[in-house]
Amino acid sequence: MAMHIAVLTGAGISTSAGIPDFRGPDGVWTKHPEQMNVYDIDAFLSDKEQREYSWRWQKESPVWGAQPGTAHKALAKLEQAGMLDLLATQNFDGLHEKAGNSDETIVNLHGTIATSHCMKCHARYDTAPIMDKLDEEPDPHCRRQLPYRGNMPCNGIIKTDVVYFGEALPDGAMERSMRKVSRADEFWVIGSTLEVFPAASLVPVAAQAGVPITIMNMGRTQYDRLATRLIHDDIAQALPALVDETIARYGDAANSAVGN
């Protein structure tokens, strides 16, 4: 019988790839709480200087040069083995996509920095070209021509598809994740502090459905008591080991079942 695993990833899986986390002991917001305004939707919409600062801050993010680490590649391997039903992530760095996980499996709970959109006409943009022109346009606005306005440019505010504080999560993201988690054979939480809701609520959803829970995180979380298995080792080494062990155990069992 095939194994169906649902996974939630947080900042801890990307720190080994050179991306600092936000809420850990050495996190960006732990050391510089004032920088949380970078992702405040009210400040972004109401203040030109805040928008320019937010764009500049995001351009300087290590996200743009980061490559998937061994942990990201392990989850791609788990999907290739046919065992990964859901990869819900709180990260917006796009590293799961770069590692080879599919759009059918990934749910970007907090959006993605790879794309942007106009807040007025909802035109879609790739973010990288906007970043390339940021010196000339520090406060990017939509240049889409509107036929019903004599082909005048829309001029709406552009923002990245990262979910800012004060914004709703992408449509259907939590619903899809909750459905997959409640039907899984196992639920793994990888590198999340489980402090941010509604993403953190996936753990009690799994517990209520009787799904065994693995929490792999360097620090403790508020839901450790619900876990069947706690792993406090280095994620870059522990996750590939867990994936290999799982594929060896259940992959062989599935192959035996098919053979019989």
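Just so we're clear, the structure is a prediction, and the values are computed from it rather than from any experiment.
In Met131, the CE atom is crowded: over 12 heavy atoms of neighbouring residues, nucleotides or ligands sit closer than 6.0 Å. The environment of Lys98 atom NZ is dense: over 12 non-hydrogen atoms of other residues, nucleotides or ligands sit within 6.0 angstrom. In Arg143, the CZ atom is crowded: over 12 heavy atoms of neighbouring residues, nucleotides or ligands sit closer than 6.0 Å. Counting heavy atoms of neighbouring residues, nucleotides and ligands inside a 6.0 Å radius, atom CG of Asn151 exceeds 12 of them. In the displayed structure, Arg220 atom CZ is contacted under 6.0 Å by at most 12 heavy atoms of other residues, nucleotides or ligands. Surrounding CD of Gln208 are at most 12 heavy atoms belonging to other residues, nucleotides or ligands under 6.0 Å away. Counting heavy-atom neighbours within 6.0 Å of Glu136 CD, excluding the residue itself, gives a total above 12.
Cluster annotation: Leu84 is not connected to Leu202 through the hydrophobic network of ILVMFWY side chains, with a link wherever side-chain heavy atoms come within less than 4.5 Å. If you chain together hydrophobic residues whose side chains sit under 4.5 Å apart, Val196 and Val189 never meet in one group. One hydrophobic cluster, built from ILVMFWY side chains closer than 4.5 Å, holds both Ile231 and Ile247. There is no path of hydrophobic side-chain contacts, each under 4.5 Å, that joins Leu8 to Met216.
Remark: of the listed residues Val162, Asn91, Asp93, Val162 is the sole one forming a side chain to side chain contact (heavy atoms under 4.5 Å, CB included) with Ile113.
Side-chain N or O atoms of Asp185 include none that pairs as donor or acceptor with a backbone N or O of Ile5 at under 3.5 Å. Thr70 places a side-chain N or O within 3.5 Å of a backbone atom of Ala236 that can act as its donor or acceptor partner.
Sequence neighbours left out, the pairs with a member in residues 117-126 that pass salt bridge (charged side-chain N to carboxylate O under 4.0 Å, His left out) are Arg124-Asp161. Among residues at least two apart or in separate chains, ring pair (Phe, Tyr, Trp, His ring centres under 6.0 Å) pairs with a member in residues 72-91 are His72-His96.
For the residue pair Ser54/Gln58, the side-chain donor-acceptor check at 3.5 Å is satisfied. Residues Thr115 and Thr112 have side chains that never bring a donor and an acceptor to within less than 3.5 angstrom of each other.
Side-chain contact between Met83 and Val243 is absent, with no heavy atoms from C-beta onward closer than 4.5 Å. A heavy-atom distance below 4.5 Å is not found between the side chains of Arg179 and Val205. Using a 4.5 Å cut-off on side-chain heavy atoms (C-beta onward), Glu167 and Phe44 make no contact. In this structure the side chain of Leu87 never reaches within 4.5 angstrom of the side chain of Leu78, judged on heavy atoms. Considering only heavy atoms from C-beta on, Asp42 stays 4.5 Å or farther from Phe165 through its side chain. Under the 4.5 Å side-chain criterion, counting only non-hydrogen atoms from C-beta, Thr127 is in contact with Trp55. Here the side chains of Glu137 and Ile158 are not in contact, with every heavy-atom distance at 4.5 Å or above. Put simply, the side chain of Val7 reaches to within 4.5 Å of the side chain of Ile190, judged on heavy atoms.
Ion pairing of Lys180 with Asp85 is absent here, as no side-chain N (NZ or NE/NH1/NH2) approaches a carboxylate O to less than 4.0 Å. Between Asp171 and Arg176 there is no salt bridge, since none of the side-chain N atoms of the basic residue sits less than 4.0 Å from a carboxylate O of the acidic one. Salt bridge Glu245/Arg249: present, at least one basic N to carboxylate O contact under 4.0 Å.
Using cut-offs of 30° and 60° on the angle between ring planes, the pair Phe197 and Tyr223 is perpendicular.
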